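Everything on this sheet refers to the single structure shown next.
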Amino acid sequence: MHKSSTQTIPEVGDMPRHVAIIMDGNGRWAKQRFMPRVAGHKRGVSAVRETVTACGELGIQYLTLFAFSSENWRRPADEVSVLMQLFMRALENEVAKLHENLVRFKVIGDLSPFDVRIRELIARGEELTKDHTKLTLTVAANYGGRWDILQAANKAQMEKLQHSRASQGINAPEGTPVDEFQKISEVELAQHLSMAYAPEPDLFIRTGGEERVSNFLLWQLAYTEFHFTQELWPDFGRVSLMKAIDSYRRRERRFGRTSEQLASAGHITSATAA
Ligand code: IPE
Ligand code: IPE
Ligand code: MG
């Protein structure tokens, strides 16, 4: 479990350990070419492939991609249905390749509204690749940052209740009042977040020109470096990723401290070295 950066200052290096991306602009990419929006989503899958490969080669340990937000159900039903079909096809065709390339595959989000076949493919893919340590690819599907914080808070609260029931007597029945209201700590909550297995993102990238978080990893982005690009997701690839990483490497991550403190602690950052 990695503590929140607001409690512990994470180790930072020249290369981001965790890159999180909002893959935006598929619809506009298609529109520019007088094609249906779904053509953009299809091309978006190729951009995912290239980005995963590039991250593997660059030694990035965690890549998290926002594929479908909890708000995207508001789109026209036919677009939602094509997105689901594409997700299913990608699961069928890509997971074996991920396995061959030693990529651990994970999905975060509320999976309950998905078709049972999709849920089975996810479970199989996660099981097949669970022991790989090279790169962890997380796909956020029906994910919302608020949902994540709430589900974690509920689980943490439940754990506390069970713990205090157990300490009141092993057979204390359901509904036994808890002695006093017990507050959940930041660490207790964070360990129930859906990405508790990963350090918080170092670098956040959003393509498509919008400069907003759109309910992505709200808790985990507390001290992440942001990079926005006009480039539309289907055009994104290795070169675009390198540009974002270049920008990241020129920044000084202070986590509340001053530049002088960092220098005296012996941190030679790219920004100060440049
Ligand atoms: C991102 O591209 C893909 C999903 C949200 C599934 P968009 O479909 O949002 O593309 P634009 O923003 O309309 O161009
Ligand atoms: C955010 O993209 C979600 C994904 C990329 C999956 P949207 O294009 O749906 O975001 P908003 O609603 O315009 O902010
Ligand atoms: Mg969009």
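All figures in this text were calculated on a predicted structure; none of them were measured in a lab. All values below were derived from every heavy atom in this structure, side-chain atoms included, with hydrogens, water molecules and symmetry-related copies excluded.
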Hey, does the side chain of N142 reach the backbone of L111 with a donor-acceptor pair shorter than 3.5 angstrom? no
Which ILVMFWY residues are connected to L86, directly or by a chain of links, through side-chain heavy atoms under 4.5 Å apart? V38, V82
Taken to the nearest 0.5 Å, the spacing of R119 CZ from F114 CZ works out to 9.5 Å
E188 with K160: basic N within carboxylate O range, under 4.0 Å: yes
Taking only residues two or more places apart in sequence, or in another chain, which ones meet E211 in a salt bridge (Lys or Arg N to Asp or Glu O under 4.0 Å)? none
Going by the rule ring-ring contact (aromatic ring centres under 6.0 Å, His included), which residues pair with F236 if we only count those two or more places apart in sequence or in a different chain? W233
Smallest heavy-atom separation, P16 atom then I60 atom, equals O-CG1, 3.7 Å
Which residues pass the ring-ring contact (aromatic ring centres under 6.0 Å, His included) test with H18, sequence neighbours left out? Y62
In terms of heavy-atom contacts, A153 and I184 come closest through O-CD1, 3.6 Å
Given side chains that start at C-beta, do those of H99 and H132 come closer than 4.5 Å, heavy atoms only? yes
Measure up the F68 and W73 rings against each other and bin them: parallel (under 30°), tilted (30 to 60°), perpendicular (over 60°). perpendicular
Derivation and outcome, salt bridge (charged side-chain N to carboxylate O under 4.0 Å, His left out), residues R28 and E210: CA-CA 12 Å; R28 279 163 285 165; E210 312 303 346; 3.5 Å; yes
Indicate if L137 and L102 have the same hydrophobic cluster label, given that clusters are the connected sets of ILVMFWY residues with side-chain heavy-atom separations under 4.5 angstrom. no
Over all atoms of both residues, closest heavy-atom pair of V139 and F87: CG1-CE1, 4.2 Å
Identify whether the distance between the nearest side-chain nitrogen and carboxylate oxygen of E57 and R238 falls below 4.0 Å. yes
Under the side chain to side chain donor-acceptor pair (under 3.5 Å) test against S247, which residue among R250, K243, R251 passes? R251
Could you tell me whether R146 atom CZ has more than 12 heavy atoms of other residues or ligands within 6.0 Å of it? no
Geometric class of the F204/F228 ring pair [parallel <30°, tilted 30-60°, perpendicular >60°]: perpendicular
Heavy-atom closest contact (N72 atom, V80 atom, distance): O-CG2, 3.7 Å
What about M23 and M242, same hydrophobic cluster or not, with Ile/Leu/Val/Met/Phe/Trp/Tyr joined at side-chain heavy-atom distances under 4.5 Å? yes
Ignoring hydrogens and geometry, is there a side-chain-to-backbone donor-acceptor pair from T224 to P201 under 3.5 Å? yes
Say whether R253 and Y248, considering side chains only, have a donor N or O and an acceptor N or O under 3.5 Å apart. yes
Looking only at heavy atoms, what is the nearest atom pair of G25 and P234, with distance? O-CD, 4.1 Å
Look only at the side chain of Q230 and the backbone of G208, and say whether a donor-acceptor pair between them is shorter than 3.5 Å. no
Quick check: do V213 and L218 have side-chain heavy atoms less than 4.5 Å from each other? yes
Once salt bridge (Lys or Arg N to Asp or Glu O under 4.0 Å) is applied, what residue pairs with a partner in residues 59-78 remain, sequence neighbours excluded? R75-E79
In Å, rounded to the nearest 0.5 Å, how long is the span from CD of E225 to CZ of R249? 14.0 Å
Do the charged groups of R117 and E120 touch, with an N to O distance under 4.0 Å? no
ILVMFWY network linking V45 to L121, side-chain heavy atoms under 4.5 angstrom: no
Exercise: identify the closest heavy-atom pair between F105 and G125: CD2-C, 4.0 Å
With distance as the sole criterion, is a donor-acceptor pair present between the side chains of T138 and Y197 under 3.5 Å? yes
Would you call K130 and E127 a salt bridge, taking side-chain N to carboxylate O under 4.0 Å as the test? yes
With the side chain counted from C-beta on, respond yes when L150 and D148 share a heavy-atom pair under 4.5 Å apart, and no when they do not. no
D110 side chain near Y143 side chain, heavy-atom distance below 4.5 Å: no
Would you mind listing every ring-ring contact (aromatic ring centres under 6.0 Å, His included) that reaches into residues 26-45, with sequence neighbours excluded? none
In this structure, are over 12 heavy atoms from other groups packed under 6.0 Å from K97 atom NZ? yes
Note, M84 side chain near D115 side chain (heavy atom, < 4.5 Å): no
Test: D235 and R43 ion pair at under 4.0 Å: no
Could you state the interatomic distance from CZ (R104) to CG (L128), rounded to the nearest 0.5 Å? 13.5 Å
In terms of side-chain geometry, is the basic nitrogen of R49 or E94 positioned less than 4.0 Å from the acidic oxygen of its partner? yes
Measuring from S69:OG to N215:CG, what's the distance to the nearest 0.5 Å? 7.0 Å
Check whether D202 reaches the backbone of R17 with its side chain - one donor and one acceptor, N or O, closer than 3.5 Å. yes
Does any N or O in the side chain of T51 come within less than 3.5 Å of the main-chain N or O of A47, such that one atom is a donor and the other an acceptor? yes
R212 backbone acceptor or donor facing R206 side chain under 3.5 Å: yes
Could you tell me whether the side chains of T207 and D24 share a donor-acceptor contact shorter than 3.5 Å? no
Would you confirm whether E159, through its side chain, and H192, through its main-chain N or O, come within 3.5 Å as a donor-acceptor pair? no
L98 and L135, any side-chain heavy atoms less than 4.5 Å apart: no
Measuring only between side-chain heavy atoms, which start at C-beta, is L58 closer than 4.5 Å to L241? yes
Quick one: pull up CD1 in I21 and CD1 in I205 and give me the separation to the nearest 0.5 Å. 4.5 Å
Rounding to 0.5 Å, atoms OG1 (T136) and NZ (K106) come to a distance of 8.0 Å
Is any side-chain heavy atom of L203 less than 4.5 Å from a side-chain heavy atom of H227? yes
